[in-house]
Amino acid sequence: MTLPRSPLLRFALLIAGLGLTMALQAATVVAATPPMGWNSWNHFAEKIDDATVRAQADAMVASGMRDAGYVYINIDDTWEGERDAKGEIHANAKFPDMKALADYVHSKGLKLGIYSSPGPKTCAGFEGSYGHEAQDAKTYAAWGIDYLKYDLCSLGEQLDRATPLQARQIMREAYTKMHRALLATGRPIVFSLCQYGYDSVWHWGASVGGNLWRTTGDITDTYDRMAEIGFGQAGLAKYAGPGHWNDPDMLEIGNGGMKPEEYRTHMALWALLSAPLLAGNDLTKMSAETVALLTNRDLVAIDQDAAGHQGDRIAAEGTLEVWAKDMADGSKIVALFNRSDIYNEIRVDFRQLHFTKPVHAVDVWTHNDLGRLALDTRMLIQGHDVILLRVTR
Ligand code: GLA
């Protein structure tokens, strides 16, 4: 790069460079790997209160989830109360003392997350942060909040009336404003953008301070919706990395709407996608299978791999898809998915992953050493299931 001649311009360039480096460092510190934790919305929606959050924190520890890496306990929408005469936000009666709740969650070795909107109202119609961004950020920091999900909602009404160019500017300014407000508190707070992927947020989410950004509308506890969202992430890998992640929404594992192989697919796909792992079930009522799947050390390690290379689709033939993720140790995680509900034979061509000789494969679920697999391999797979391999030369 050629530097400008003017000393003033050079100085300005240096300052801009430093600013960018600091912003990237701040982002990296708070979300070097995809955030892991729990969020209240998928299971509890508006039926969330102080006692329930404490119980989830207790269960996060007792179930072994904290030790597996799940640390954020995130309160979603409906905690918000009124603003006082000074404009300060207070929690409603469901949360009598947010600071005491944060202290409790922290005493368990966990972190507390909260939710707001850049619009005047949240999605559930509660008080948003519009016009009170700096004040709210300070309040969150004073309470001891470690994570903010910032959900577009009523700001979207302004966007409806705007041209696409104006909408782009409104959204970016709104997110930048809160990002700056959070930074100004001096407290490391993960900044989670929620605007459902509008305006290809993956292109600009990191530049407005997002540590993660939702790429789609809401998930539901069905195979079809989970698959639509999960497999729909194809092509987004290059936008993710340490400090800034694509977010295909929270997990539904354990909520009861999917079969075991479907939840396996959900977990495998999210791990492969380096997606945030935010459990969305009731942690106080988990079956052994749910705990085992959420805390599966191999799956968590795939998701949390230090290199932060999001996986992507390698091949698709009808409802059969092959995805792969490059791991920091040089191995590749290869996932074979059957999106139809009937038994099938799936083919994987390891040449598409740049192998030139038969590969060595280990089954990630069972740890079975499968020995050498031919470059062109076929395997049988049941409907809606996933075969997960760790592949090396
Ligand atoms: C939106 C978000 C959800 C949840 C609700 C809360 O729909 O996408 O994840 O936060 O709002 O009202």
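We count ligands from 1, going down the list as the structure has it; atoms in each ligand are counted the same way. Just so we're clear, the structure is a prediction, and the values are computed from it rather than from any experiment.
Considering backbone and side-chain N/O atoms, Arg214 comes within less than 3.5 Å of an N/O atom of ligand 1. Note: an N/O pair closer than 3.5 Å links Asp151 and ligand 1 by distance alone. Considering backbone and side-chain atoms together, Trp41 places no N or O closer than 3.5 Å to any N or O of ligand 1.
Within the listing of ligand 1, atoms 8 (O) sit less than 4.0 angstrom from a heavy atom of Tyr196. Shown in contact with Asp218 at under 4.0 Å from a heavy atom are these atoms of ligand 1, numbered in order with element: 1 (C), 2 (C), 3 (C), 7 (O), 8 (O). Of all the atoms in ligand 1, the ones that sit under 4.0 Å from a non-hydrogen atom of Asp77 are 6 (C), 12 (O).
With Tyr104 as the aromatic partner, Arg54 meets the cation-pi criteria of under 6.0 angstrom to the ring centre and within 45 degrees of the ring axis.
By the criterion of a heavy-atom distance under 4.0 Å, neither the backbone nor the side chain of Ala45 is placed next to ligand 1.
Atom 10 (O) of ligand 1 has its closest protein heavy atom at Asp76 OD1, 2.6 Å. Ranking protein heavy atoms by distance to atom 9 (O) of ligand 1, first place goes to Lys149 NZ, 2.8 Å.
The two residues Val30 and Val190 make their nearest non-hydrogen contact at O-CG2, 3.5 Å.
Note that the CZ atom of Phe95 and the CH2 atom of Trp143 stand 10.0 Å from one another [nearest 0.5 Å].
A salt bridge links Lys332 to Asp326: at least one charged side-chain nitrogen sits closer than 4.0 Å to a carboxylate oxygen.
Residue Leu165 places its CG atom among 12 or fewer non-hydrogen atoms of other residues, nucleotides or ligands, all under 6.0 Å distant. In this structure, Glu88 places its CD atom where more than 12 heavy-atom neighbours from other residues, nucleotides or ligands lie under 6.0 Å away.
Looking at Thr319, Thr265, Asp385, Ile346 one by one, the single match for side-chain contact (heavy atoms from CB on, under 4.5 Å) with Asn338 turns out to be Thr319.
Ligand 1 lies out of reach of Thr122, whose nearest heavy atom is not under 4.0 Å from it.
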